[in-house]
Peer 1: 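Attaching a single structure in structure tokens format; questions to follow.
Each chain gets a letter, A, B and so on, in the order its sequence line appears, and its residues count up from 1.
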Number of protein chains: 2
Amino acid sequence: MARRPAEPEVIWDRPQRATRGPRPAYTRADIAAAAVRIADEGGLDAVTMRHVAAELGCATMSLYNYVPRKEDLYELMVDLVGGEYALPDKPSGHWRADLTDLARQARAMMHRHPWVPRLMSPVYGFSPNALAYLEYALSCLDGLEGTYGAKLELVAMVNGLVTAYVANELATAERDRSLPWPPEREHAVRSAYLGRALASGRYPRLAASLVENEGPIDLDGAFDRALERLLNSFEKTLGGTDGPGGSEGTGGSDGSGGSGGAGA
Amino acid sequence: MARRPAEPEVIWDRPQRATRGPRPAYTRADIAAAAVRIADEGGLDAVTMRHVAAELGCATMSLYNYVPRKEDLYELMVDLVGGEYALPDKPSGHWRADLTDLARQARAMMHRHPWVPRLMSPVYGFSPNALAYLEYALSCLDGLEGTYGAKLELVAMVNGLVTAYVANELATAERDRSLPWPPEREHAVRSAYLGRALASGRYPRLAASLVENEGPIDLDGAFDRALERLLNSFEKTLGGTDGPGGSEGTGGSDGSGGSGGAGA
DNA sequence: GCGCACTACGTACGTCGTACGTAACTAGGA
DNA sequence: TCCTAGTTACGTACGACGTACGTAGTGCGC
């Protein structure tokens, strides 16, 4: 396509291949994959136009033939990992199990791609793979009462829960990779500060709760508990009993980030 | 303090005033306030060392006498708005009402300072004002059964809910401020794309739920519903009946971002 | 087979965070 | 009392960043 003027454009509306001119050297998927590789390896801040171009083996400015702005590159990345979900052809009929599986897939995907929570937002929530994800999630609730709006609200809440939890789980690890000194030094300094603050006696309850959590925190357990509680809270509103099983999910295999949330 | 070597340091451990040398021209609060003003006005990306310095009326590099790294400036900002919470001396004794009020304050604060969700993370979760917030939130649950760990889990979940919801509420508005073209153009293009995608018939349920939500979405209502559901889901686990009132909160006045989450 | 739309790439500009050198200032120890 | 060491203030400079723009080469549609 010609030189981009200052015109808004949705990346998904651009044709992948123009009718005229030389054969493009890369596909959109190539570029997204390169960016994802870089982000996985070096964090989101390592995703620069120059780096991605180098990873692909082309000149920096050539990227702008495929991606008008860096924002669009982010959009490609989110959509690409959104394709990692293993969406069954049909829901199992047990909505709790299906949503639990989706949530665990999403969490696993974000652990594989720790930069995803930073990009998650309704802004990127309608990419092709995100649309497929949302439609499937809604289809899991097909037998239930309630409006589609209410169902979408549930899906949005599950997505929000996943994003919030994983963002918390990853926060310090993600910070560590951009420190000018070794992470252990940072941890030592910060926990020394926290220890001194708690020792002041002004925060007895907080001190108690942190001492209780001594030892490795059971992040998986906390996540599953939170998710189960959330689904419980919808059980009455939406009616339906999910068939036999209660709250057991199918175990997270692979997945990626649809964002959800009503954006109209 | 002397030229900073590559040494980790928690900003809260630095003395505000050195024992020797000229009287500093600004306080840490001055600087944080200037940065917050800029972020409120022009978005988080407008917070650059040069801008903040200009706002204060000093040279760029002078800021580094107060703030060793830009990250620390962010930490100051989060703590400052964290001081906007109106924390009563004592909880009312109705934990649901108290937590509802806290959540609404947090939401209101984030709407006043739309950049806060982007900075929210356990990394900044132990600034002085965040500690006070967490301790107060835990004290609201004093009468209830359950370990402090479980209570902290509730507080973390409420914070996560607030952050996730407000981030969604603000996402498109925050994106709009950094577009190279008018937001209306962007909206037009994106909703044209979405309309075409939905008209394809491949996403019937999603299409139905978005049509249902035609007209102005009741964000306040959705938030309150989600919050109420979340608190409901803890009612059995933690026992206790909250006294007379059910789920009515006190209305949000002012508040700021403690982050919560166990970080030991 | 000619022309035009497209790809490719280098150069260049304005921005960012911040390392570093230098000058002015102030409190503690002599 | 004065000296000096530690601190504040500020300018310059460097290597990143996103990306506007010019130019050269390529291959489809007429």
Peer 1: Look at the side chain of Ala25(B) and decide which nucleotide, out of dT8(D), dA9(D), dT7(C), has an atom nearest to it.
Peer 2: dA9(D)
Peer 1: So, is Ser62(A) close to the dT7(C) phosphate, meaning a side-chain N or O under 4.0 Å from OP1 or OP2?
Peer 2: no
Peer 1: Could you tell me whether the side chains of Glu71(A) and Tyr124(A) share a donor-acceptor contact shorter than 3.5 Å?
Peer 2: yes
Peer 1: Whole-Å distance between dT7(C) P and Ile31(A) CD1?
Peer 2: 11 Å
Peer 1: Under 3.5 Å between N/O atoms: give me all the protein pairs with nucleotides 17-19 of chain D, atom names plus distance.
Peer 2:
{"from": "dC17(D)", "atom 1": "OP1", "to": "Thr48(A)", "atom 2": "OG1", "distance (Å)": "3.3"}
{"from": "dG18(D)", "atom 1": "OP1", "to": "Lys70(A)", "atom 2": "NZ", "distance (Å)": "2.9"}
{"from": "dG18(D)", "atom 1": "OP2", "to": "Met49(A)", "atom 2": "N", "distance (Å)": "3.1"}
{"from": "dG18(D)", "atom 1": "N7", "to": "Arg50(A)", "atom 2": "NH2", "distance (Å)": "2.5"}
{"from": "dG18(D)", "atom 1": "O6", "to": "Arg50(A)", "atom 2": "NH2", "distance (Å)": "3.0"}
{"from": "dT19(D)", "atom 1": "OP2", "to": "Tyr64(A)", "atom 2": "OH", "distance (Å)": "3.1"}
{"from": "dT19(D)", "atom 1": "OP2", "to": "Lys70(A)", "atom 2": "N", "distance (Å)": "3.2"}

Peer 1: Just to be sure I understand the rule, does Tyr26(B) reach a base, reach only the sugar-phosphate, or reach nothing, if contact means heavy atoms closer than 4.0 Å?
Peer 2: nothing
Peer 1: Could Arg190(B) and Phe126(A) be counted as a cation-pi pair, given that NZ or CZ must be under 6.0 Å from the ring centre and within 45° of the axis?
Peer 2: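 No, Arg190(B) does not sit over the ring of Phe126(A).
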Peer 1: Could you check which of dG11(D), dA5(C), dT7(C) has an atom nearest any side-chain atom of Arg20(A)?
Peer 2: dA5(C)
Peer 1: Which nucleotide in the set dA8(C), dT8(D), dC9(C) lies at the smallest distance from any side-chain heavy atom of Asn65(B)?
Peer 2: dT8(D)
Peer 1: For Thr27(A), is there any backbone N or O sitting under 3.5 Å from a side-chain donor or acceptor partner on Asp30(A)?
Peer 2: yes
Peer 1: Arg17(B) has an atom CZ; how far is it from atom C1' of dA9(D), in whole Å?
Peer 2: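 The distance from CZ of Arg17(B) to C1' of dA9(D) comes to 14 Å, rounded to the nearest Å.
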Peer 1: Check the distance between dG17(C)'s P and Leu44(B)'s CG and give it to me in whole angstrom.
Peer 2: 11 Å
Peer 1: For Thr19(A), which contact category applies under a 4.0 Å heavy-atom criterion: base, sugar-phosphate, or nothing?
Peer 2: sugar-phosphate
Peer 1: Should Trp181(B) and Glu7(A) be marked as a side chain to side chain donor-acceptor pair (under 3.5 Å) after you check the CA-CA gap, both sets of side-chain angles, and the distance that decides it?
Peer 2: CA-CA 7 Å; Trp181(B) 42 71; Glu7(A) 280 285 326; over 6 Å; no
Peer 1: So, does Arg28(B) use its side chain to make a donor-acceptor pair with the main chain of Trp12(B) at under 3.5 Å?
Peer 2: no
Peer 1: Using whole Å, what does the distance between atom C1' of nucleotide dT8(D) and atom CG of Leu56(B) come to?
Peer 2: 15 Å
Peer 1: Find which nucleotide of DNA chain D each of Gly21(B) and Tyr66(B) is nearest to by heavy atoms, and output the residue with the more 5' nucleotide.
Peer 2: Gly21(B)
Peer 1: For Ser127(A) and Asp79(A), work out which heavy atoms get closest and say how close.
Peer 2: OG-OD1, 2.7 Å
Peer 1: Could you state the CD-P distance from Gln16(B) to dT8(D), rounded to the nearest angstrom?
Peer 2: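 In whole Å, dT8(D) P and Gln16(B) CD are 11 Å from each other.
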Peer 1: Using atom CG of Asp30(A) as one end and atom P of dT7(C) as the other, report the distance to the nearest whole Å.
Peer 2: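 Distance, rounded to whole Å: 15 Å.
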Peer 1: Quick one: side-chain contact (heavy atoms from CB on, under 4.5 Å) partners of Arg118(A), sequence neighbours excluded?
Peer 2: Leu44(A), Asp45(A)
